[in-house]
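Accompanying notes for the structure given below.
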Amino acid sequence: MAAPALTFLRRLCWRSLCEARQAQAVCIPAVHLHMTTATMQVSQKDFEKAQEQLKLLKKDPGNETKLKLYALFKQATEGPCNSPKPGMLDFVKKAKWDAWNSLGNLSQDNARQKYTELVSSLISAESAGQTKDASPEESRHDGYETIIVTTKNNITKIMFNRPERKNAINHQMYREIIKALQEAGKDDSTIAVITGNGEYYTSGNDLNNFANVQPNDMEKMAKDGAELLKEFVSCFIDFPKPLIAVVNGPAIGISVTLLGLCDIVYASDRATFHTPFSQLGQSPEGCSSYLFPKIMGLAKANEMLLFNKKLTAAEACAWGLVTEVFPDGTFQKEVWERLKAYASLPKNSLAVSKQLLRSMEKEKLHAVNSQECEVLKERWLSDECLNAIVSFFQRKSKL
Ligand SMILES: CCCCCC/C=C/C(=O)SCCNC(=O)CCNC(=O)[C@H](O)C(C)(C)COP(=O)(O)OP(=O)(O)OC[C@H]1O[C@@H](n2cnc3c(N)ncnc32)[C@H](O)[C@@H]1OP(=O)(O)O
């Protein structure tokens with residue numbers, strides 16, 4: 001069918017089509033009077049039942065099917081197409097006329113039969129789909145060790161999964177998250193969610209990423225780290241569909257800065273938000289040096305990014321970093337119910353809308369990301385940073 005015709009047909013509300021058919025059905029008893037054999041009477045009964053069943057369909061079966069139903073109904077009740085051909089620009093009438101006319105001399109009995117069969121197949125397909133919808137399978141994606149990636153209810157969930165290390169992000173986890181985001185961007189899901197397994201959302205960069213590096217390899221470590229970080233953050237900047245952070249517990253470092261690149265942030269009231277960059281002799285990343293002042297204003301961004309102020313969930317919400325805070329006891333239930341409803345919205349509409357909201361900033365964000373990675377590359381080679389890492393591990397070993 002021609003694209004303009006389809007576009008116009010999309011304007012046809014499914015319910016109004018059903019109602020139109022109901023109104024047309026008034027003429028059916030007249031058809032019924034012409035039938036004589038018992039078989040035909042049964043067929044007529046089935047035909048009427050099919051019309052009733054059609055009204056119960058919840059999902060719009062699509063334009064092609066609607067046209068087929070329309071044509072079969074007309075053929076069954078009025079016989080071969082007998083109305084004048086509509087003008088080329090009357091797209092809807094023309095499409096309907098074409099569909100009816102394409103049935104040629106199909107007998108009314110056959111048309112009734114085909115109509116009834118088509119409705120029956122739609123009803124069976126919908127009830128099979130509904131059973132599936134009621135308890136859809138959660139599919140787990142293969143090939144990940146540090147994260148768990150699943151898809152259910154049109155939501156791809158990426159879960160940090162090193163709970164015994166407070167979900168600290170080691171090099172392998174950075175790479176796996178990159179891969180998971182690239183796949184989630186292309187899969188059939190409507191939205192993607194990032195969350196943590198266990199008590200923490202994540203404690204940020206695994207400080208072991210800096211451990212056991214020989215003095216001669218320091219520069220290479222810093223260079224490779226900056227490249228990995230740049231690629232990692234780029235995946236968040238470019239992510240093409242709504243990306244939601246479900247912050248189940250404390251969040252530290254890079255996991256906090258990335259929230260500025262997420263489209264919605266839901267937090268448990270147990271969550272805290274901490275970016276101890278200066279304490280670690282480091283500097284902000286995840287585009288936070290640009291996005292945090294925009295989100296919360298420079299004065300508050302300074303408290304977080306320069307002076308390591310740890311925010312409660314309520315503060316983070318008041319400062320605009322978090323969308324909504326939920327009591328921890330009902331957090332998972334409330335959030336996933338909400339997300340399930342969001343993920344049933346039209347997928348493409350959400351994707352293009354997200355891209356519109358972000359597109360003006362994309363180039364800027366990539367430039368900020370590059371600059372932040374360059375600065376960090378230097379920071380990682382600084383005494384301030386090395387001393388901070390050493391003192392973290394010394395503190396740990398004394399405990
Ligand atoms: C490619 C490189 C990209 C770099 C990007 C730049 C990113 C920057 C950042 O993210 S900065 C933030 C870095 N994170 C931290 O500074 C947090 C460090 N961890 C802690 O302060 C604490 O562990 C804690 C507050 C998260 C939890 O404290 P506590 O409740 O007392 O638990 P433990 O400390 O006993 O933790 C259990 C176990 O996990 C280890 N661990 C936790 N987080 C990290 C981490 N981020 N790095 C390394 N190890 C971590 C902790 O050492 C314990 O291990 P142990 O049992 O002692 O072997």
Side-chain angles (χ1 to χ4, degrees), residues 1-32 35 39-81 83 91-137 139 152-154 188-190 340-341 343-349:
M1 189 181 303
L6 277 175
T7 312
F8 270 74
L9 275 168
R10 279 189 192 110
R11 293 195 193 145
L12 281 180
C13 165
W14 172 232
R15 195 168 291 279
S16 73
L17 235 140
C18 287
E19 279 159 10
R21 226 177 343 268
Q22 209 174 348
Q24 282 171 312
V26 174
C27 66
I28 288 170
V31 175
H32 183 57
M35 292 191 293
T39 335
M40 280 181 182
Q41 278 171 2
V42 169
S43 173
Q44 174 62 22
K45 233 179 170 177
D46 288 345
F47 182 52
E48 286 170 11
K49 196 172 151 207
Q51 289 163 54
E52 288 308 311
Q53 284 178 320
L54 189 60
K55 288 182 222 154
L56 301 176
L57 263 192
K58 292 192 183 72
K59 278 190 193 148
D60 184 325
N63 290 327
E64 295 293 337
T65 307
K66 282 190 281 189
L67 281 173
K68 213 178 264 177
L69 285 165
Y70 167 83
L72 288 169
F73 183 87
K74 293 289 275 183
Q75 192 86 3
T77 55
E78 295 179 33
C81 181
S83 60
F91 296 119
V92 176
K93 278 195 182 144
K94 169 87 171 33
K96 289 162 86 178
W97 186 91
D98 283 344
W100 184 12
N101 192 49
S102 72
L103 296 180
N105 287 323
L106 182 76
S107 75
Q108 287 182 284
D109 282 351
N110 272 343
R112 260 191 300 276
Q113 183 70 28
K114 281 177 183 287
Y115 177 94
T116 309
E117 283 169 6
L118 180 53
V119 172
S120 154
S121 72
L122 290 171
I123 297 287
S124 325
E126 187 168 275
S127 52
Q130 270 169 6
T131 320
K132 218 177 150 210
D133 279 348
S135 69
E137 290 292 306
S139 67
K152 184 181 173 183
N153 294 327
N154 302 324
D188 284 340
S189 64
T190 303
K340 188 175 163 190
S344 69
L345 291 166
K347 177 182 153 182
N348 295 331
S349 161

- Task: List the atom of Leu67, the atom of Ala99, and the distance in Å for their closest heavy-atom pair.
- Result: O-CB, 3.8 Å

- Item | With sequence neighbours excluded, residues passing side-chain hydrogen bond (donor to acceptor under 3.5 Å, both in side chains) with Asp98 | Lys94

- Which is it for Lys114 and Leu106 under the side-chain contact (heavy atoms from CB on, under 4.5 Å) test, yes or no, and what are the steps along the way? CA-CA 10 Å; Lys114 281 177 183 287; Leu106 182 76; 4.0 Å; yes

- Any idea which heavy atoms bring Asp60 and Lys66 closest together, and the distance? OD2-NZ, 3.0 Å

- With rounding to the nearest 0.5 Å, note down the distance linking CG in Leu56 to CG in Leu122. 12.5 Å

- Message: Donor-acceptor check, side chain of Gln53 to backbone of Ile123, threshold 3.5 angstrom: yes or no?
- Response: no

- Count the heavy atoms belonging to other residues, nucleotides or ligands that lie under 6.0 Å from NZ of Lys68, then report whether that count exceeds 12. no

- Query: Would you call Asp46 and Arg112 a salt bridge, using N to O less than 4.0 angstrom?
  - Reply: no

- Check: Ser83 main-chain N/O paired with Trp97 side-chain donor or acceptor under 3.5 Å: yes

- Message: Between Glu126 (side chain only) and Lys58 (backbone N and O only), is there a donor and an acceptor less than 3.5 Å apart?
- Response: yes

- Query: Under 4.5 Å between any side-chain heavy atoms of Lys74 and Cys81, yes or no?
  - Reply: no

- Side chains of Phe47 and Gln113 in contact at under 4.5 Å (non-hydrogen atoms): no

- Message: Using side-chain heavy atoms (C-beta onward) and a distance below 4.5 Å, is Leu72 in contact with Thr116?
- Response: no

- Inter-residue atom distance Gln108.CD - Gln44.CD, 0.5 Å rounding: 10.0 Å

- Message: Is any side-chain heavy atom of Lys152 closer than 4.5 Å to one of Ser139?
- Response: no

- Message: Looking at every heavy atom in both Pro80 and Gly104, which two are closest together, and how far apart are they?
- Response: CB-O, 3.4 Å

- Item | Contact check, side chains of Tyr115 and Tyr70, non-hydrogen atoms, under 4.5 Å | no

- Task: Decide yes or no for Gln51 and Val119: does some side-chain heavy atom of the first lie under 4.5 Å from some side-chain heavy atom of the second?
- Result: no

- Message: Could you report the tightest heavy-atom contact between Ala76 and Ala111, atom names first, then the distance?
- Response: N-CB, 3.6 Å

- Task: Considering non-hydrogen atoms only, spot the tightest contact between Leu118 and Ser121 and give its length.
- Result: O-OG, 2.8 Å

- Query: Is there a side-chain contact between Lys340 and Asn154, using heavy atoms and a 4.5 Å cut-off?
  - Reply: no

- Message: Check whether Ser124 reaches the backbone of Ser120 with its side chain - one donor and one acceptor, N or O, closer than 3.5 Å.
- Response: yes

- Search all heavy atoms of Gln75 against all heavy atoms of Asn105 and return the closest pair with its distance. NE2-C, 4.0 Å

- Item | Heavy-atom side-chain proximity of Asn153 to Thr190 below 4.5 angstrom | no

